[in-house]
Amino acid sequence: MATSSRCAASIRRLSYATRARPCIQRYRPALQIRCNGSVAATTGADTEPTGPTPPKAIKFTADSYPELQRNSKFTKLTEEHVNFFKELLGSESAVIDGVTKDASEDIEPFNSDWMRKYRGQAKLVVKPGSTEDVSKILKYCNDNMLAVVPQGGNTGLVGGSVPVFDEIVINLERLNKIRSFDEVSGILVADAGVILEVADNFLAEKKHIFPLDLGAKGSCQIGGNVATNAGGLRLLRYGSLHGNVLGIEAVLPDGTIIDDLSKLRKNNTGYDIKQLFIGGEGTIGIITAISILTPRRSPAVNVAYFGLESYEKVQEAFKEAKNQLSEILSAFELMDGRSQTLLRKAKGNKLPLEQDYPFYCLIETSGSNTDHDSEKLQTFLEHVMENEIVQDGVLAQDQTQIQELWSCREGVPEVLGHWGGVYKYDLSIPISDMYDLVNDTRDRMMKAGLVGDDESHPVIEVVGYGHMGDANLHLNIPVRRYDKEVEKVLEPFVYEWVAGKNGSISAEHGLGIAKKPFIGYSRSETMIRLMKQIKNLYDPNGIMNPYKYI
């Protein structure tokens, strides 16, 4: 979501007065919002890649995880294999060959992730142009025991979309066609490689909206979104992809094409096989197309940004938002004060509010009637200000200002890597306990002497932000460098803490390589055994995205 460098002076400021009813005043002309950092992204969910990182900046994943060893059952690539793919795909641009020649510079963006944390050793990237191409590629790889990694926009956070060793990268960027759209039902059918923002812009012209929104929407692909069951900013209003995706087209490791692009909302005939691929992270097959139910785009959208004195006040504000805004509430985002301070330091921009607060929240409403929505929002704002639930706030007056306020939330994941790196945890925790984990983690870091203002301290800060409406906390630890001492303090402490609250160690980012060893903190032995049985059934040779997931 692009933002402008400054807002018009017509943005409204909310300030509590001691009168019986609060007043809502406009900003002074000299005061402007400057949260104009580029929007962040990720599969699943929260950041946008800033371009390929120089190879020397990233350790090989195999070195970072020495317990992982290349499976000797997988065949090593030869010139004969490369020639097969070149003949199949025809175009030279569809094959990046690092086997018969040096192509390390061209392959590096496919080998490494945007967080500078994971780096594979792939020598070959193939870009199929059709579902049939994917089928032939996978059948050949399965017959020849060649391991593969499906890859979309490569915006993930857990290392799921990059190789570990020399797996072949199957990148889906050429599968980028919108196949059909029904304006009556709102059902979209599109290739897996369509960029999320492209899909949403297409739908905007039809007065519809994609039911998923991520900071990474300018880079991530909808097939990758489905494969990781990305959550994002619209889940509170529209629910998860498990409910919105009506059908998929996918290719199994043996080349079998699953044509299940159903456009039916009701189809109670047997097992719902598509659900295995939603969140399956490319471990049992490759999604090549989806059909998805898209809602009407709301013509009346409002966004407000508040400062609050405590996490208890944040919970009160959320409760009142649900009570008073109910059907028009589309987002309720939480940011702690430290995250906003780091955003300001990294970008050099002013925040919307003049004073600093321990917590901030962003509320979005979306409806069909401007007058009705404005009246409900006005009543809500007066209530939370009058009862001192909210201390200060601003209300956007146009689309530019809406984007400015959203950038104060969406810009956070990107800037946290500004100093060198960031440890990210994506967690589901009961709302009442959510922020306690941030405090407890920071206390541990402080006691270990890891937090400080100079190079001798690896940790910059410990921050929390996320989707309050979904009970989804993003615990982030921005660091000057990745450090084993930091990791020892974090793991398994974070996962044990979450398990103690009956939470989930992965709310929306998936498992990948980062969380594979810790799945037992969220899933029982029985559930893990069933998952492994499914994996072995669909991918008996284990060629699909090995070393990850389960």
Side-chain angles (χ1 to χ4, degrees), residues 43-45 131 152 175 177-214 217 220-252 257-281 284-301 326-331 364-369 467 469-470 507-508 534 538:
T43 69
T131 301
L175 294 179
K177 294 180 177 60
I178 292 175
R179 300 189 184 184
S180 67
F181 178 68
D182 186 327
E183 295 193 36
V184 177
S185 66
I187 295 171
L188 173 75
V189 180
D191 287 351
V194 173
I195 299 295
L196 176 58
E197 188 170 40
V198 172
D200 196 49
N201 289 341
F202 169 85
L203 290 168
E205 296 176 0
K206 312 292 185 181
K207 297 183 179 180
H208 281 69
I209 190 171
F210 203 91
L212 170 72
D213 187 22
L214 304 173
K217 63 185 174 185
C220 64
Q221 299 173 9
I222 60 175
N225 298 149
V226 173
T228 56
N229 188 29
L233 304 168
R234 292 176 180 161
L235 191 140
L236 175 64
R237 178 66 173 272
Y238 301 119
S240 79
L241 292 175
H242 277 295
N244 291 309
V245 173
L246 302 179
I248 64 165
E249 177 186 84
V251 181
L252 298 180
I257 297 174
I258 299 176
D259 184 4
D260 187 30
L261 281 174
S262 171
K263 300 178 185 178
L264 305 175
R265 294 189 69 180
K266 290 184 175 181
N267 185 4
N268 199 11
T269 53
Y271 298 118
D272 194 2
I273 300 297
K274 71 174 181 293
Q275 299 294 350
L276 296 176
F277 292 83
I278 301 173
E281 298 185 35
I284 61 173
I286 297 180
I287 297 171
T288 54
I290 67 167
S291 61
I292 187 167
L293 183 66
T294 67
R296 292 284 294 183
R297 187 173 290 264
S298 301
V301 178
S326 56
E327 80 282 357
I328 64 171
L329 181 64
S330 54
E364 180 187 80
T365 64
S366 304
S368 59
N369 188 308
H467 315 299
D470 312 331
E508 60 182 4
I534 292 170
Y538 283 87

inquiry  = For R237, give me all partners under salt bridge (Lys or Arg N to Asp or Glu O under 4.0 Å), at least two apart in sequence or on another chain.
reply    = none

Which donor-acceptor pairs under 3.5 Å do side chains of residues 262-275 form with protein atoms, sequence neighbours excluded?
unit_1 : atom_1 : unit_2 : atom_2 : d
S262   : OG     : L264   : N      : 3.1
N267   : OD1    : T269   : OG1    : 2.6
D272   : OD1    : K274   : NZ     : 2.8
D272   : OD2    : K274   : NZ     : 3.0
D272   : OD2    : Q275   : NE2    : 3.1
Q275   : OE1    : H242   : ND1    : 2.4
Q275   : NE2    : H242   : O      : 3.1

key: Salt-bridge criterion met for K206 and D182 (N-O under 4.0 Å)   = no

note = Here the salt bridge (charged side-chain N to carboxylate O under 4.0 Å, His left out) pairs for residues 184-193, sequence neighbours left out, are R179-D191

inquiry  = Show the nearest heavy-atom pair for residues I178 and A199, with the distance to one decimal.
reply    = CD1-CA, 4.5 Å

inquiry  = Once rounded to the nearest 0.5 Å, what's the spacing between atom SG of C220 and atom CG of L196?
reply    = 4.5 Å

message = Test of understanding: with side chain to side chain donor-acceptor pair (under 3.5 Å), list the residues that count as partners of E364, not counting sequence neighbours.
response = S330, W406

query = Rounded to the nearest 0.5 Å, how far apart are OG1 of T228 and CG of L241?
reply = 8.0 Å

key: Atom of N244, atom of G239 and distance for their closest heavy-atom approach   = ND2-O, 3.5 Å

Which atom of P211 lies closest to which atom of T294, heavy atoms considered = CD-CG2, 4.1 Å

Test side-chain contact (heavy atoms from CB on, under 4.5 Å) applied to I195 and Q221, step by step = CA-CA 4 Å; I195 299 295; Q221 299 173 9; 4.0 Å; yes

key: Partner of I222 under side chain to side chain contact (heavy atoms under 4.5 Å, CB included), chosen from V245, I287, I290   = I290

Pairwise distance CG(N225) to CG(D213) - rounded to 0.5 angstrom = 10.5 Å

query = Going through the distances and angles, do T288 and I257 end up as a side-chain contact (heavy atoms from CB on, under 4.5 Å)?
reply = CA-CA 9 Å; T288 54; I257 297 174; 5.9 Å; no

query = Got a second to check how far L214's CG is from E197's CD, nearest 0.5 Å?
reply = 11.0 Å

Partners passing salt bridge (Lys or Arg N to Asp or Glu O under 4.0 Å) against D260 (at least two apart in sequence or in another chain) = none

key: Nearest-0.5 Å distance that lies between atom OG in S185 and atom CG in L293   = 7.5 Å

remark   = In short, F277 meets A250 closest at the heavy-atom pair CE2-CB, 3.9 Å

ask   = Mind checking what makes side chain to side chain contact (heavy atoms under 4.5 Å, CB included) contact with D259, not counting sequence neighbours?
value = L261

message = Could you check whether any side-chain heavy atom of I209 comes within less than 4.5 Å of a side-chain heavy atom of Y238, counting everything from C-beta outward?
response = yes

inquiry  = Between L252 and I284, is there a side-chain heavy-atom distance shorter than 4.5 Å?
reply    = no

task = Mind listing the closest non-hydrogen atom pair of F210 and L188 along with its distance?
result = CE1-CD2, 4.0 Å

key: Considering all heavy atoms, the nearest G469-L236 contact   = O-CD1, 3.7 Å

query = How many angstroms lie between NE2 in H208 and CZ in R296, if you round to the nearest 0.5 Å?
reply = 5.0 Å

query = Considering only heavy atoms from C-beta outward, does the side chain of E508 approach that of L235 to under 4.5 Å?
reply = no

